[in-house]
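All remarks here apply to the structure that follows.
For clarity, every value in this text was computed on a predicted model and none was experimentally measured.
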Amino acid sequence: MSNLTFYVASPFESFQLGAGHPTMVATWTRSFPVPTKLTHYTLLNSKGVKAWVPEGPTKGHCVWEYHDVWRWSKTTDKPVVLRENYFRKHPDTGKEVSLPFYDKELITSSLLDQFLY
């Protein structure tokens with residue numbers, strides 16, 4: 001990958017990658033004077049490397065998978081979101097929370113701002 005291209009994985013895609021699943025991720029290319037743009041998708045983690053160790057508190061599972069936020073379906077061989085609003089509401093109080101990484105539009109624009117300006 002040249003210094004003119006970079007990957008932008010969504011939070012959900014990053015869960016999959018960390019859990020050891022090969023995942024297609026958006027690849028953006030800087031092009032001047034034309035703005036940075038999505039040019040293609042790239043398969044990352046093709047070797048299935050896990051970020052979680054079996055001796056850890058989640059016993060080798062993604063912490064969000066451990067909390068039943070998502071799971072890899074053995075039936076469809078695809079990831080499945082189980083608790084869509086997990087990051088929107090506090091699990092104990094049910095009150096809405098605001099997390100900048102949850103807002104895809106905010107994240108995309110702030111990441112692009114870093115690379116464009």
Side-chain angles (χ1 to χ4, degrees):
M1 182 167 90
S2 75
N3 63 355
L4 295 177
T5 60
F6 55 96
Y7 309 118
V8 180
S10 71
F12 187 47
E13 290 166 340
S14 69
F15 299 165
Q16 297 164 50
L17 290 164
H21 298 285
T23 304
M24 296 297 284
V25 174
T27 304
W28 292 75
T29 302
R30 294 184 208 175
S31 52
F32 300 100
V34 178
T36 300
K37 61 183 176 179
L38 173 64
T39 53
H40 60 282
Y41 288 83
T42 303
L43 182 67
L44 298 183
N45 199 7
S46 60
K47 294 183 180 178
V49 177
K50 285 187 174 187
W52 308 97
V53 295
E55 309 79 50
T58 61
K59 298 177 178 29
H61 294 281
C62 166
V63 67
W64 307 120
E65 186 177 11
Y66 189 77
H67 284 270
D68 292 324
V69 174
W70 77 283
R71 181 156 295 129
W72 192 267
S73 170
K74 292 177 183 172
T75 306
T76 63
D77 198 31
K78 292 183 179 180
V80 178
V81 175
L82 302 175
R83 297 173 70 187
E84 190 172 320
N85 292 318
Y86 185 86
F87 296 103
R88 287 240 186 241
K89 295 184 179 184
H90 190 283
D92 296 329
T93 66
K95 292 176 92 175
E96 288 221 8
V97 294
S98 175
L99 299 171
F101 71 82
Y102 189 79
D103 187 339
K104 188 173 184 173
E105 186 174 311
L106 175 66
I107 270 298
T108 303
S109 64
S110 67
L111 279 173
L112 291 179
D113 285 347
Q114 290 177 19
F115 291 102
L116 291 175
Y117 305 106

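- Residues Thr29 and Phe6 fail the side-chain proximity criterion, which asks for heavy atoms closer than 4.5 Å.
- Taking the six-membered ring for Trp and thresholds of 30 and 60 degrees, Phe15 and Phe87 have ring planes inclined between 30 and 60 degrees apart.
- Rounded to the nearest 0.5 angstrom, Glu65 CD and Trp72 CH2 are separated by 10.0 Å.
- Heavy-atom minimum distance, Thr27 versus Tyr41: OG1-C, 4.0 Å.
- Atom CE of Met24 is separated from atom CD of Glu13 by 10.0 Å, given to the nearest 0.5 angstrom.
- With sequence neighbours excluded, the residues forming a side chain to side chain contact (heavy atoms under 4.5 Å, CB included) with Thr76 are Ser73, Lys78, listed by chain and number.
- Expressed to the nearest 0.5 Å, how far NE2 of His67 lies from CG of Leu82 amounts to 13.5 Å.
- Looking at every heavy atom in both residues, Cys62 comes nearest to Trp70 through SG-NE1, 3.5 Å.
- Considering CZ of Arg83 and CZ of Arg71, their distance stands at 11.0 Å, rounded to 0.5 Å.
- Taken together through direct or relayed side-chain contacts under 4.5 Å among Ile, Leu, Val, Met, Phe, Trp and Tyr, Tyr66 and Val80 form parts of separate hydrophobic clusters.
- For Thr23 (side chain) and Asn45 (main-chain N/O), no donor-acceptor pair under 3.5 Å exists by modelled atom type.
- Trp64 is listed as a side-chain neighbour of Tyr86, based on a closest heavy-atom distance under 4.5 Å.
- The nearest pair of heavy atoms linking Pro79 to Phe12 is CB-CZ, 3.4 Å.
- Thr5 is not listed as a side-chain neighbour of Thr42, based on a closest heavy-atom distance of 4.5 Å or more.
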